Amino acid sequence: MTGLTVALVLVVAAAGLLRWRRPAWYWLTFGVTLAVVRVLIRYGSVMDACGLTVPPARWRLALARATNRPVPEPRPPRILRLRPTRTGLVLRLKLRPGQDAFDVAAASDRLRHSFSMYGVTSRELRSGVVELRMTGYDVLKRVQMPTKLDTRPMRVPVALREDGSVHYRDYRAVPHALTLGATESGKSVYQRNLVAGLAPMDVALVGIDCKQGVELFPLALRFSALADNPDTAADLLDALVSRMEGVYQLIRAEQRITAAVPDAEIAADIWDLPDHLRPVPVVVLVDEVAELALYASKDEEKRRDRIITALVRLAQLGRAAGIYLEICGQRFGSELGKGITMLRAQLTGRTAHRVNDETSANMAFGDISPDAVLAAIQIPAELRGLAVAGDSTGGWHRIRAPHTSLRQAVNTCNRHADRTPDLPELAPFRPELTGPSETLVPLSKTAPATA
């Protein structure tokens with residue numbers, strides 16, 4: 001008996017230590033079993049307390065009265081499937097007549113407390129079927145991407161969602177995106193994950209980094225074109241517009257609109273072209289869009305209008321030509337001048353890291369979802385990399401990208417440098433890699449140069 005007590009104490013101590021230090025291990029060893037038992041035992045009473053039950057049918061009441069039996073209890077949604085995952089549970093429910101998916105979504109917070117789970121989110125799969133995704137611990141505190149990822153062409157896993165699923169950046173579904181975030185909010189890490197995910201794919205990367213290239217130029221081996229100042233950026237964007245027009249001419253010539261060709265084979269974008277004719281898709285990453293929109297003189301204003309006009313044209317017309325935009329910045333609003341609001345309207349994907357004011361959050365989600373605005377301004381400063389991601393449909397999620405150092409991103413780009421395509425239109429902007437300078441320039445007046 002003493003040995004059994006000691007063993008039980010050791011098991012409880014091990015479970016407590018795992019829950020404190022390694023919540024993912026605790027969930028896989030102890031938590032998942034306890035959660036399944038808890039959900040199955042409490043299910044009926046919890047649904048009744050949350051108002052997710054319906055009265056029994058009239059024929060059942062009449063049958064109970066006729067047979068002198070007790071009145072049937074209210075009926076909760078029927079459980080179709082309960083599936084454990086590496087981060088929580090997935091509960092699929094069949095709603096009763098008269099119930100709505102919104103009722104389940106509104107009760108998500110109460111379900112989280114009642115089932116003693118860390119988080120509960122719901123989504124409607126089809127009419128009358130709702131899926132509850134429950135997380136057993138804070139999956140965003142220490143991000144661990146799953147080993148098996150659903151990778152496809154132009155679809156990059158960049159972060160983990162709060163419900164334990166993977167957040168993908170799918171360019172064919174959402175061609176253009178806007179990423180906002182204050183200084184030290186984790187925006188650069190998100191961008192590194194994006195570049196590292198695109199590096200192994202057959203895609204051309206084009207970068208515009210007006211901070212003298214400190215963010216993107218270390219990854220230069222994988223970039224087909226780079227610009228580190230607004231003047232070069234203006235010429236680069238004009239070259240991209242010219243490439244877009246040339247691709248449209250190719251698609252027009254290969255549309256194959258004849259009476260003998262079925263409608264499904266008529267080409268309307270580069271993905272409808274045969275493999276040997278399809279141009280390589282291009283992803284354009286703009287590191288700080290405000291540097292392209294600010295000006296201090298008449299000449300700079302003309303350059304600014306030229307840049308914004310090119311970006312708007314690429315955002316409106318570039319999808320079919322295989323040109324996709326990733327616009328990053330700390331702020332993105334009408335104070336940047338004319339054309340900015342038109343550009344923002346074309347950026348379907350929205351991601352906001354920690355922002356300094358509510359106005360910045362409204363720039364990203366004000367025209368999408370008020371709830372997403374509230375979630376964005378509540379991101380704490382100590383959780384770098386935590387963000388809110390949404391799109392024009394109104395749906396949004398909390399996400400966090402795994403920490404990727406600049407060294408890791410550089411190694412990935414160097415390893416896949418052979419995949420960097422040479423685009424004739426962008427040849428003048430191909431980055432030139434030079435060795436370290438022999439003469440070091442002092443960083444301050446008091447710091448002497450050393451050989």
Side-chain angles (χ1 to χ4, degrees), residues 150-158 168-179 194-208 219 222-227 233 235-286 309-327 342-343 345-349 391-392 413 416-430:
D150 184 16
T151 56
R152 306 172 194 169
M154 303 304 297
R155 191 169 188 257
V156 183
V158 292
Y168 293 92
R169 177 70 178 92
D170 192 343
Y171 286 94
R172 296 188 63 176
V174 182
H176 314 301
L178 170 65
T179 302
L194 192 59
V195 174
L198 288 169
M201 299 184 180
D202 294 325
V203 59
L205 300 180
V206 174
I208 298 176
L219 314 172
R222 188 56 185 87
F223 276 76
S224 298
L226 279 170
D235 296 334
L236 175 55
L237 290 171
D238 287 341
L240 284 170
V241 172
S242 299
R243 173 182 170 80
M244 178 182 68
E245 295 171 350
V247 172
Y248 275 125
Q249 293 296 325
L250 174 63
I251 296 173
R252 181 72 179 272
E254 296 294 330
Q255 279 189 311
R256 304 184 300 278
I257 304 177
T258 64
V261 178
D263 291 345
E265 298 180 11
I266 295 176
D269 57 31
I270 66 168
W271 304 107
D272 297 327
L273 295 174
D275 292 343
H276 67 283
L277 292 177
R278 182 182 303 142
V280 62
V282 179
V283 175
V284 183
L285 296 105
V286 179
T309 300
L311 284 174
V312 171
R313 294 189 65 190
L314 290 173
Q316 292 184 147
L317 307 174
R319 181 204 61 81
I323 299 177
Y324 309 103
L325 298 181
E326 282 288 339
I327 308 293
M342 183 186 300
L343 174 60
Q346 303 296 327
L347 305 176
T348 306
D391 53 44
S392 59
C413 290
H416 300 284
D418 58 317
R419 289 183 172 272
T420 306
D422 290 317
L423 305 182
E425 304 91 344
L426 307 182
F429 309 97
R430 185 70 183 263

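What you see is a predicted model; the values in this text were computed from it and never measured.
Summarising the geometry, atom CZ belonging to Arg222 is positioned 8.5 Å from atom CG belonging to Asp418; distances are rounded to the nearest 0.5 Å. Put simply, CZ on Arg152 and CG on Asp170 are 7.0 Å apart, with the number rounded to the nearest 0.5 Å. Distance check, rounded to the nearest 0.5 Å: CD of Gln316 to CG of Leu343 gives 9.0 Å. Rounding to the nearest 0.5 angstrom, the gap separating the CG atom in Leu240 from the CG atom in Leu311 is 9.5 Å. Taken from CD in Glu254 to CG in Asp272, the straight-line distance is 12.0 Å, to the nearest 0.5 Å.
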Practice task
Using the side-chain contact (heavy atoms from CB on, under 4.5 Å) rule, take Val282 and Met244 through it: C-alpha gap first, then chi angles, then the decisive distance, then the call.
Solution key: CA-CA 10 Å; Val282 179; Met244 178 182 68; over 6 Å; no
Exercise for the section: Evaluate side-chain contact (heavy atoms from CB on, under 4.5 Å) for Leu194 paired with Val283, printing each intermediate quantity in order. Expected result: CA-CA 10 Å; Leu194 192 59; Val283 175; 5.8 Å; no
Exercise for the section: Would you please test Arg430 and Thr420 for side-chain contact (heavy atoms from CB on, under 4.5 Å) and show each step? Expected result: CA-CA 10 Å; Arg430 185 70 183 263; Thr420 306; 3.4 Å; yes
Handout entry: Worked check of side-chain contact (heavy atoms from CB on, under 4.5 Å) between Leu205 and Leu219
Key = CA-CA 10 Å; Leu205 300 180; Leu219 314 172; over 6 Å; no
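For Arg278, the CZ atom is densely surrounded, since the number of other residues' heavy atoms within 6.0 Å is greater than 12. Within a 6.0 Å sphere centred on CZ of Arg419, heavy atoms belonging to other residues, nucleotides or ligands number more than 12.
Scanning all heavy atoms of the two residues, the minimum distance from Pro281 to Val203 falls at O-CG2, 3.4 Å. Between Ala204 and Val280, the closest heavy-atom pair is N-CG2, 3.8 Å. The heavy-atom pair separating Val174 from Gly349 by the smallest distance is CG1-N, 3.3 Å. Nearest heavy-atom pair, Arg172 versus Pro153, reported as atom, atom and distance to 0.1 Å: CD-O, 4.4 Å. The two residues Phe429 and Ala239 come nearest to each other via the heavy atoms CE1-CB, 3.9 Å. Scanning all heavy atoms of the two residues, the minimum distance from Gly207 to Leu236 falls at O-CD2, 4.0 Å.
The closest donor-acceptor contact from the side chain of Arg243 to the backbone of Glu425 lies at 3.5 Å or more, if one exists at all.
Here the side chains of Gln346 and Val312 are not in contact, with every heavy-atom distance at 4.5 Å or above.
In terms of the ring-ring contact (aromatic ring centres under 6.0 Å, His included) criterion, Phe223 has no residue partners (sequence neighbours excluded).
Classification of Arg155 and Asp150 as a salt-bridged pair holds, one side-chain N sitting under 4.0 Å from a carboxylate O.
When each of Thr348, Ile323, Leu325 is checked for a side chain to side chain contact (heavy atoms under 4.5 Å, CB included) with His176, only Leu325 meets the rule.
Geometrically, Arg252 does not engage Tyr248 in a cation-pi contact, judged by NZ or CZ lying under 6.0 Å from the ring centre and within 45° of the ring axis.
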